[in-house]
Amino acid sequence: MPNRREPFTFEALDPEVGTCKVYIRERRLLTLAKLGKWKLLEARDLVPNVLEAPTVIFEGLRWEGDEDKDRPGWRCYCARPTSMYDKRGDESHRIRTKCSWSL
């Protein structure tokens, strides 16, 4: 399990080379924590499935300062998982949205 200084790291489908590593930075985890424990549980348990088997991948929807300007931009992985967490942190198989996670 990651600690404060170590980001969540996942394998993701890469349309160009097969797979790649995806990191969720501490800053993003702190933002998720402010929304509630359920969002951190989703990051830990659902994000790997979305990254390994996305329904669709978009590129270039956003950029950040550390990015190579010659590339199209960050990827956005979208999928609809089979379960989610409610605001109490309990797993639920009732899906709330059409696109549950996008990174």
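All values derive from a computational prediction rather than experimental measurement.
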Notebook entry, point to check: Do you know the tightest heavy-atom contact between W38 and Y85?
Noted result: CE3-O, 3.5 Å
Next item on the list: State, to 0.1 Å, how close A79 and A53 come at their nearest heavy-atom pair, and which atoms those are.
Entry: CB-O, 4.2 Å
Notebook entry, point to check: At their closest point, which heavy atom of K21 faces which heavy atom of T9, and how far apart are they?
Noted result: CD-CG2, 3.7 Å
Checklist line | Atom pair NZ (K87) and NZ (K39), whose distance is rounded to the nearest 0.5 Å | finding: 8.5 Å
Note to self: Just so I know, are the side chains of R75 and D14 near enough to count as touching, which here means a heavy-atom distance under 4.5 Å?
What the structure shows: yes
Item checked: From NZ (K37) to CD (E42), nearest 0.5 Å -> 13.0 Å
Checklist line | Set of side-chain hydrogen bond (donor to acceptor under 3.5 Å, both in side chains) partners for N49, sequence neighbours left out | finding: none
Next item on the list: Can you see which heavy atom on V50 is nearest to which on C78, and at what distance?
Entry: CG1-C, 4.2 Å
Margin query: Donor-acceptor check, side chain of E11 to backbone of E52, threshold 3.5 angstrom: yes or no?
Written below: no
Margin query: Rounded at 0.5 Å granularity, tell me how far OG1 in T82 sits from CD in E91.
Written below: 7.5 Å
Next item on the list: Kindly give the heavy-atom pair with the smallest separation between A43 and F10, and that separation in Å.
Entry: O-CZ, 3.5 Å
Notebook entry, point to check: Testing V22, T19, L13 for side-chain contact (heavy atoms from CB on, under 4.5 Å) with L51, which one passes?
Noted result: V22
Checklist line | Straight-line distance of L41 CG to D90 CG, nearest 0.5 Å | finding: 9.5 Å
Next item on the list: Any chance you could measure L40, atom CG, to K34, atom NZ, to the nearest 0.5 Å?
Entry: 12.0 Å
